Undergrad: 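There's a structure below that I have some questions on.
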Amino acid sequence: MTVPAVEGDTRSAPILLVADPDNDLIRQLTAALEPEGVEVAGVADGAQALLQAGALQPDAVLISASLPIIGPLDFVRAVRLARAVPVLLGIDFGSDAEQAVLALAAGATACVARPYRVPELLPLVQAAFRRQEIERTVLTIGNVALDVTAYQVKVSGKIVHLPLREFELLHYLMRNADRTVTRGQIMRHVWHASDAMSTNTIAVHVKRLRARLGDVDDQMIQTVRGVGYRLVSS
């Protein structure tokens, strides 16, 4: 299998990190996907998967529901704290459906049947790569520029250091500029939590984010009373 070195963002092919205890399955996927232009990096357990998710910065991750050491649910939760890489969960036929539901609720992108069939898997992988390509942009609104790949924000050309959650909140608001997003949507897409989470948590993060951006009088991030927030582009 190919485990590519990653320097900056100069990749010649998208990288799929496959975490599965079955080495034969990984070799089969590698042989099937590399002719399609996908580089495959394989690991055998959840601990290695977390390590390589940080080191390789893969475009997508495919993990087995039977992942040892660190299970799929903990893996998804940990990855979601760091970045928004698509995570596909491989479910064996006849396995407990509750595990899939929990993984999706934690932030997994989709579930696929395992053992994998390339004609079914490839479109999901390609769709995940396309979403990542869209994400690899610098979003600019007013004097604020957000670089998704570098996890960097600049205000009037000067770097502003944001905690991860505030960065993700700003990213979500900028992607939905000029649209009102509800507190429930923010909970699900930024915190990956249910509507039962305290809305005060969001309000505190919005307040801090406004202060870091120099958003005087809440002109950029506006509160829509009783609904949520709207980031205005003009």
Side-chain angles (χ1 to χ4, degrees), residues 50 53-54 57 61 70-87 89 98 100-110 128 131-132 134-234:
L50 275 180
Q57 297 287 295
V61 181
I70 295 177
L73 188 57
D74 289 334
F75 174 85
V76 171
R77 287 171 174 163
V79 165
R80 281 289 168 266
L81 292 175
R83 56 190 298 250
V85 60
V87 178
L89 179 67
E98 183 180 0
V101 173
L102 291 174
L104 290 170
T109 307
R131 284 194 294 272
Q132 285 296 88
I134 293 172
E135 293 293 315
R136 283 200 191 92
T137 57
V138 177
L139 303 179
T140 303
I141 294 179
N143 66 340
V144 177
L146 182 147
D147 187 328
V148 178
T149 304
Y151 268 84
Q152 185 180 84
V153 172
K154 292 183 179 180
V155 178
S156 299
K158 296 182 179 180
I159 294 176
V160 174
H161 298 286
L162 298 183
L164 178 60
R165 195 68 75 182
E166 290 176 29
F167 180 93
E168 292 182 343
L169 174 60
L170 178 60
H171 183 208
Y172 183 68
L173 292 172
M174 291 181 75
R175 284 194 290 117
N176 291 278
D178 298 317
R179 290 188 291 181
T180 298
V181 292
T182 69
R183 292 179 179 85
Q185 289 173 319
I186 293 173
M187 289 175 189
R188 289 190 294 274
H189 292 279
V190 178
W191 271 265
H192 307 290
S194 69
D195 291 354
M197 191 185 81
S198 172
T199 57
N200 185 59
T201 300
I202 297 174
V204 169
H205 280 76
V206 168
K207 182 178 180 180
R208 291 173 180 169
L209 181 58
R210 285 168 171 157
R212 296 183 204 276
L213 299 179
D215 183 13
V216 180
D217 299 325
D218 306 343
Q219 292 300 302
M220 183 176 186
I221 303 175
Q222 300 178 349
T223 300
V224 181
R225 293 190 179 278
V227 181
Y229 299 91
R230 178 174 60 246
L231 187 147
V232 296
S233 61
S234 59

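Heads up: numbering here begins at 1 and tracks the sequence. Quantities reported herein were computed from a predicted structural model and do not represent experimental measurements.
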Undergrad: Could you walk me through whether Leu170 and Leu213 pass the side-chain contact (heavy atoms from CB on, under 4.5 Å) test, one step at a time?
TA: CA-CA 10 Å; Leu170 178 60; Leu213 299 179; 3.9 Å; yes
Undergrad: Please tabulate, for side-chain N and O atoms in residues 214-221, each donor-acceptor pair with protein atoms closer than 3.5 Å (sequence neighbours left out).
TA:
residue, atom, partner, partner atom, Å
Asp215, OD1, Gln219, N, 2.9
Asp215, OD1, Met220, N, 2.8
Asp215, OD2, Met220, N, 3.4
Asp215, OD2, Ile221, N, 2.9
Gln219, NE2, Asp217, O, 3.1

Undergrad: Considering only residues two or more places apart or on different chains, which pairs with a residue in residues 202-234 satisfy ring pair (Phe, Tyr, Trp, His ring centres under 6.0 Å)?
TA: Trp191-His205
Undergrad: Taking side chain to side chain donor-acceptor pair (under 3.5 Å) as the test, write out the residues that go with Arg212, two or more places apart.
TA: Glu166
Undergrad: What pairs of residues pass the salt bridge (Lys or Arg N to Asp or Glu O under 4.0 Å) test when at least one of them lies in residues 150-165, not counting sequence neighbours?
TA: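 Of all non-adjacent pairs touching residues 150-165, those that pass salt bridge (Lys or Arg N to Asp or Glu O under 4.0 Å) are Arg165-Glu168.
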Undergrad: Which atom pairs, one a donor and one an acceptor, fall under 3.5 Å between side chains of residues 140-148 and the rest of the protein, sequence neighbours left out?
TA:
residue, atom, partner, partner atom, Å
Asn143, ND2, Ser156, OG, 3.0
Asp147, OD1, Thr149, N, 3.1
Asp147, OD1, Ala150, N, 3.0

Undergrad: Please name all residues satisfying side chain to side chain contact (heavy atoms under 4.5 Å, CB included) with Leu73, sequence neighbours left out, ordered by chain then number.
TA: Arg77, Leu102, Ala106
Undergrad: List the residues meeting side chain to side chain donor-acceptor pair (under 3.5 Å) with Gln222, not counting sequence neighbours, and say none if there are none.
TA: Arg230
Undergrad: Rounded to the nearest 0.5 Å, what separation is found between the CD1 atom of Ile202 and the CG atom of Leu169?
TA: 8.0 Å
Undergrad: Mind checking the NZ-CG spacing from Lys207 to Asn200? Nearest 0.5 Å is all I need.
TA: 10.0 Å
Undergrad: Testing Asn176, Leu231, Val224, Val190 for side chain to side chain contact (heavy atoms under 4.5 Å, CB included) with Val181, which one passes?
TA: Asn176
Undergrad: Does some side-chain heavy atom of Asp178 sit less than 4.5 Å from a side-chain heavy atom of Val232?
TA: yes
Undergrad: Could you pull out the closest heavy-atom pair between Ala103 and Val76, with the gap in Å?
TA: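 The pair with the smallest heavy-atom distance is O-CG1, 4.1 Å.
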Undergrad: Roughly how far, to the nearest 0.5 Å, is CG of Leu139 from NE2 of His171?
TA: 5.0 Å
Undergrad: Going by ring pair (Phe, Tyr, Trp, His ring centres under 6.0 Å), name the pairs with one or both residues in residues 142-166, residues two or more places apart or in two chains.
TA: Tyr151-Phe167
Undergrad: Out of curiosity, Leu162 CG to Arg208 CZ, how far, rounded to the nearest 0.5 Å?
TA: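 Here the rounded value is 12.5 Å.
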